Number of protein chains: 2
Amino acid sequence: MRLEDEIQQKEFKDDYNKAVVNILFTQSYIVTKQNSLFKPFGLSPEQYNVLRILRGQNGNPITVSSIQDRMLNKMSNASRLVEKLKQKGLVLREECPVDRRQVDIMITEKGLQLLNQLQTEILNQNIRLIKLDNEEVSQLNFLLDKLRG
Amino acid sequence: MRLEDEIQQKEFKDDYNKAVVNILFTQSYIVTKQNSLFKPFGLSPEQYNVLRILRGQNGNPITVSSIQDRMLNKMSNASRLVEKLKQKGLVLREECPVDRRQVDIMITEKGLQLLNQLQTEILNQNIRLIKLDNEEVSQLNFLLDKLRG
DNA sequence: TTGTATTAAATGTATATACATGCAAATGCT
DNA sequence: AGCATTTGCATGTATATACATTTAATACAA
């Protein structure tokens, strides 16, 4: 559906300005759907993302600032998200022996199990959410990667 | 820059799942830049968006729920955003005479002036942010509109 | 080695998002 | 008219974002 119709705006100054609004609106469309999927599991999309980053470490610990670097939202607060996950028993946090300023984070068995439970649902939902064919979705990824320079 | 390199992820399950993450990441890229532009003016991106919706009314009042419908983030809280704008003297809020449940919102002269001040900067920044040529940005808009179905 | 700068993480504050709930006004039904 | 339902908005609570500040540990230069 045309963005102009969805937000009841007559027209945009130019395609660049429409694109900015289009990306913000589409992100909200996706996050809203993700939220309802995560809800029953007591996770937020960002918490899920942090768990995925930890799983990607294959058992190696990773510091809080490295998590921050890999998060989708660079301004987010990895420290507090990790604290939430720890309270749920999904991650372990311990002082780094080499540099006591740093804190090593690892995903727990419980965290891995939760991810496995969610994984199939997420993958399927993501495919359903994006109503494009293979050619188009590959083109979209190309454009988004290029867009950021 | 390739998403995989920016968030240091080896690969995605498929292009659909990459596209979801790509949209979330690109939205964060845009909002971060927008925030720094709005900061000196004491506005958040969402507050700016509400002001734009009000200006689009050309002097006619609009209810809180109509604002909500047109907002980029459907789950946002128009009521509280309007309250913030009112505190800054950028909007007027008054009981709707026809239906006392409703509240009519209008942008003030001060609000219009602020928008005019910001407009050129925003338009220029948006063009700079999107590092695509005319053909590509039009293709991107087509794909995003189609994506949501 | 001592003082300064830098770095890593935590914390504080304001705003925004997500969603449930409350309340008053309006609507609809009998 | 009387009462239940719906609608429009406000408010409460938890989480997340944006950004400044703090605290402790480390690096480095004089």
Side-chain angles (χ1 to χ4, degrees), chain A residues 24-25 27-51 61-88 90-91 93-105, chain B residues 24-25 27-51 61-88 90-91 93-105:
Chain A
L24 305 190
F25 186 72
Q27 182 263 2
S28 174
Y29 159 81
I30 289 174
V31 170
T32 300
K33 308 278 184 159
Q34 286 193 336
N35 264 315
S36 37
L37 198 153
F38 288 129
K39 192 110 218 256
F41 297 91
L43 277 190
S44 68
E46 275 306 340
Q47 288 175 8
Y48 172 76
N49 187 40
V50 171
L51 285 184
I62 181 175
T63 65
V64 172
S65 61
S66 296
I67 294 175
Q68 187 93 288
D69 290 342
R70 298 176 194 201
M71 284 175 65
L72 300 180
N73 195 319
K74 295 302 178 211
M75 291 306 169
S76 185
N77 197 319
S79 174
R80 276 189 268 236
L81 280 171
V82 165
E83 171 60 22
K84 294 280 172 187
L85 293 171
K86 180 164 178 264
Q87 280 170 19
K88 295 175 197 166
L90 304 173
V91 306
R93 183 173 56 187
E94 51 189 54
E95 192 179 79
C96 174
V98 193
D99 182 340
R100 283 189 299 139
R101 286 173 304 184
Q102 299 188 111
V103 181
D104 281 343
I105 314 294
Chain B
L24 305 190
F25 186 72
Q27 182 263 1
S28 175
Y29 159 81
I30 289 172
V31 171
T32 300
K33 307 280 184 156
Q34 286 194 336
N35 264 315
S36 36
L37 198 154
F38 289 129
K39 193 110 218 257
F41 297 91
L43 277 190
S44 69
E46 274 306 339
Q47 288 176 6
Y48 172 75
N49 187 40
V50 171
L51 284 184
I62 181 176
T63 65
V64 173
S65 62
S66 296
I67 295 175
Q68 186 92 285
D69 289 343
R70 299 175 193 202
M71 283 176 67
L72 300 179
N73 196 317
K74 294 303 178 212
M75 290 307 167
S76 184
N77 197 320
S79 175
R80 274 188 270 235
L81 281 171
V82 165
E83 171 60 22
K84 294 280 171 186
L85 293 172
K86 179 165 178 263
Q87 280 170 20
K88 294 175 197 166
L90 303 173
V91 306
R93 184 173 54 188
E94 51 188 54
E95 193 177 79
C96 174
V98 193
D99 183 338
R100 283 190 300 140
R101 285 172 307 181
Q102 297 187 48
V103 182
D104 280 343
I105 314 294

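For the numbers below, each heavy atom of this structure counts, side chains included, while hydrogens, waters and symmetry mates do not. Naming: A, B, ... by sequence-line order, numbering from 1 per chain. Since we're looking at a predicted model, the values are computed, not measured.
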Verdict with supporting geometry, A/Phe25 and B/Gln27, side-chain contact (heavy atoms from CB on, under 4.5 Å): CA-CA 9 Å; A/Phe25 186 72; B/Gln27 182 263 1; over 6 Å; no
Out of C/dA16, C/dC19, D/dC19, whichever nucleotide has its closest atom nearest the side chain of B/Gln47: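 Closest nucleotide to the B/Gln47 side chain: C/dA16.
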Between [N] ([atom2]) and [X] ([atom1]): distance, integer Å:
X	N	atom1	atom2	result
B/Ile30	D/dA18	CD1	P	13 Å
A/Met75	C/dA16	CE	C1'	16 Å
B/Leu81	C/dA14	CG	C1'	13 Å
A/Leu43	C/dA18	CG	C1'	15 Å
A/Phe38	C/dA18	CZ	P	13 Å
A/Asn73	D/dC19	CG	C1'	12 Å
A/Tyr29	C/dA18	OH	C1'	19 Å
A/Ile67	D/dT17	CD1	P	14 Å

Decide yes or no for [X] and [Y]: does some side-chain heavy atom of the first lie under 4.5 Å from some side-chain heavy atom of the second?
X	Y	value
A/Thr63	A/Cys96	no
B/Glu46	B/Asn73	yes
A/Leu85	A/Ile105	no
B/Gln34	A/Leu24	yes

side-chain N/O B/Ser76 vs C/dT17 OP1/OP2, d < 4.0 Å: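 It does, given that an N or O in the side chain of B/Ser76 lies less than 4.0 Å from OP1 or OP2 of C/dT17.
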C/dA18 OP1/OP2 closer than 4.0 Å to side-chain N/O of A/Lys39: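 So the side-chain polar atoms of A/Lys39 never come under 4.0 Å of the phosphate oxygens OP1 or OP2 of C/dA18.
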Contact state string [nucleotides 7-13 of chain C, B base, S sugar-phosphate only, - no protein heavy atom under 4.0 Å]: BSSBBBB
Greater than 12 external heavy atoms within 6.0 Å of A/Lys86's NZ: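 Counting neighbours around NZ of A/Lys86, 12 or fewer heavy atoms of other residues, nucleotides or ligands fall under 6.0 Å, so no.
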Rounded distance [0.5 Å steps], CG in A/Leu43 versus CG in A/Leu37: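 Separation between the atoms: 10.5 Å.
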First of A/Glu46 and A/Arg100 reached from the 5' end of DNA chain D, by closest nucleotide: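 Taking each residue's closest nucleotide, the earlier one in sequence belongs to A/Glu46.
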Which residue lies more 5' along DNA chain C, comparing B/Lys88 with A/Ser36 via nearest heavy atoms: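 Closest to the 5' end, via its nearest nucleotide, is B/Lys88.
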